[in-house]
Number of protein chains: 2
Amino acid sequence: MQSRPYHHGDLRAALLVRAEETLREKGPGALSLRELARDLGVSHAAPSRHFKDKQALLDALALAGFDRLGAGLTAACGAAGDSFAEQLGALARGYVGFATANVVLLDLMYAVKHDPAASEALIAAGQRWAELAIGLIAEGQRRGEVREGPLELIGTPVFATLHGYASLAVGGMLPPEAVATGLDDVITYMLRGCAPDRP
Amino acid sequence: MQSRPYHHGDLRAALLVRAEETLREKGPGALSLRELARDLGVSHAAPSRHFKDKQALLDALALAGFDRLGAGLTAACGAAGDSFAEQLGALARGYVGFATANVVLLDLMYAVKHDPAASEALIAAGQRWAELAIGLIAEGQRRGEVREGPLELIGTPVFATLHGYASLAVGGMLPPEAVATGLDDVITYMLRGCAPDRP
DNA sequence: ACCTGAACACCGTTCAAGT
DNA sequence: ACCTGAACACCGTTCAAGT
């Protein structure tokens, strides 16, 4: 009876995996719960046991995306040198790298939500990685490489620059061949914005 | 025979108007061509005469959004003082203002496209307003208020910061009450990033 | 030219019923 | 607990036909 070859209470995980594949291959909006069920060899009503909604599945996907992003950024910063410039560079390259490697997923992660209840968890997830950037800035201040002041006063603009560059790049608003080289310029611009007032 | 009260060859315009209303009231994805047609009192097949696709309607909406954004920003900068700081401030407030007043539309304007042919016009429209920022920087350089260098080298980071801040704010990733006050900090951060190297 | 009506092939969601 | 099968109310798109 190996007729159910794949999911033994793991239909939930299988749905998430397959959903992300479909998203990557065929774009958003081409994702259908019924097709997902077909691909996995279950009835079209089966997914509703694991996700009450199509939106619930998308939210779970986005949440997993934030987890992977956080892990990737932590690793990238850990592998970089101690100076603020090196740390910020690693963060920036990590973020833009994740964005270009997970175009549709990033869109999903920051998608405008209309159900405020469901989006709370996503906002929290988003702020978790923002705290990574905040910590980096605090350390930079301790080293005297970052200007004084409240952490978000400098963290928010940096966060905005990074996220903005990533979404412009991913959306095709920047000449694609210039994305990698332009990032270096963005990094030095951010460093100027963070630098202490006077030498 | 006033039974067709509204559209006389203007079904196209009426569709766009109603679509944007629906988008604003009920969010994206709640937009259905059939419901649009119902609202306007035409058959469900009528819209296809004016937009070959649902996507085509969305693209037209996004394009109109860029036009309004460009007009608004031009006006805002025209009404501001001549100094680079005042011009950049006006641009920033104008952009974030448009974003918060047109949340779903902004999402649409920068949505990741998969049909590269259709998105070309949108990218061009996006770059048109970017050129406004570029011109502003060129003038700032002439005045000695902006560091020397290729225009996009300084323009792209500014563009990224602005767009990133707007999308974070709109997506609820920033505490909503801090959006307006935080913008001032972002503006001074951008000015630092643009400032000439040494006094 | 512009629109209608019917038809086709899909959806998401729900719910009794099975195991 | 987990899944099935049928049913419901909707979609987008196409296409002959009307005016």
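Chain naming here is simple, since letters A, B, ... match the order of the sequence lines and numbering starts at 1 in each. Side chains included, hydrogens not; waters and symmetry mates left out as well; all remaining heavy atoms used. Owing to the predicted nature of the structure, the values given are computational and were not obtained by experimental measurement.
Here the CZ atom belonging to F84(B) is positioned 5.5 Å from the CD1 atom belonging to I137(B), to the nearest 0.5 angstrom.
A side-chain donor-acceptor contact under 3.5 Å links R24(B) to the backbone of A101(B). Counting only distance, with no hydrogens or angles, the side chain of Q87(A) and the backbone of G81(A) share a donor-acceptor pair below 3.5 Å.
Between the P atom of dC3(C) and the CG atom of D10(B) lies a distance of 10 Å, rounded to the nearest Å. One interatomic measurement links the two molecules: CG of L36(B) to P of dC11(D), which rounds to 11 Å at whole-angstrom precision. The nearest whole Å value for the distance from the CZ atom in R49(A) to the P atom in dC15(C) is 11 Å. As a whole-Å value, the separation of L31(A) CG from dC10(C) P is 17 Å. Atom pair L58(A):CG and dG12(C):C1' shows a separation of 13 Å (rounding to whole Å applied). Distance CG (L33(B)) to P (dC10(D)): 16 Å, rounded to an integer number of Å. We find that NZ of K52(B) is positioned 20 Å from C1' of dC3(C), with the value rounded to whole Å. Between D53(B) atom CG and dT13(D) atom C1' the separation is 9 Å, expressed in whole Å.
The existence of a salt bridge linking R18(A) and E21(A) is confirmed by a sub-4.0 Å separation between a basic side-chain nitrogen and an acidic carboxylate oxygen. Using a 4.0 Å cut-off between charged side-chain N and carboxylate O, E139(A) and R142(A) make a salt bridge.
The shortest distance between the side-chain N/O atoms of S32(A) and the OP1/OP2 oxygens of dC11(C) is below 4.0 Å. Taking side-chain N and O atoms only, R34(B) has no distance below 4.0 Å to OP1 or OP2 of dG5(C). Side-chain nitrogen and oxygen atoms of H50(B) include at least one within less than 4.0 Å of the OP1 or OP2 phosphate oxygen of dC3(C).
Criterion: ILVMFWY side-chain heavy atoms under 4.5 Å apart, direct or through other members. Under it, I134(B) and L174(A) are part of a common hydrophobic cluster.
Comparing dC15(C), dT4(C), dG12(C) by their nearest atom to the side chain of A46(B) picks out dT4(C). Side-chain proximity of K54(A) to the nucleotides dT4(D), dT4(C), dT13(C) is greatest for dT13(C). Nearest to the side chain of L11(B), among dT13(C), dT13(D), dC3(C), sits dC3(C).
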Full working for side-chain hydrogen bond (donor to acceptor under 3.5 Å, both in side chains) between T161(A) and Y189(B): CA-CA 10 Å; T161(A) 308; Y189(B) 157 92; 2.9 Å; yes

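Nearer to the 5' terminus of DNA chain C, by closest-nucleotide assignment, is the contact made by R38(A) (compared with the other of R38(A) and S48(A)). When each of H44(B) and H44(A) is assigned the nucleotide of DNA chain D bearing its nearest heavy atom, the one mapping closer to the 5' terminus is H44(A).
Helical stems involving DNA chain C, defined as 3 or more consecutive Watson-Crick or G-U pairs under 3.5 Å, span C:4-8 with D:12-16, C:12-16 with D:4-8.
Contact annotation for R12(B): no contact, since no heavy-atom pair falls under 4.0 Å across all strands.
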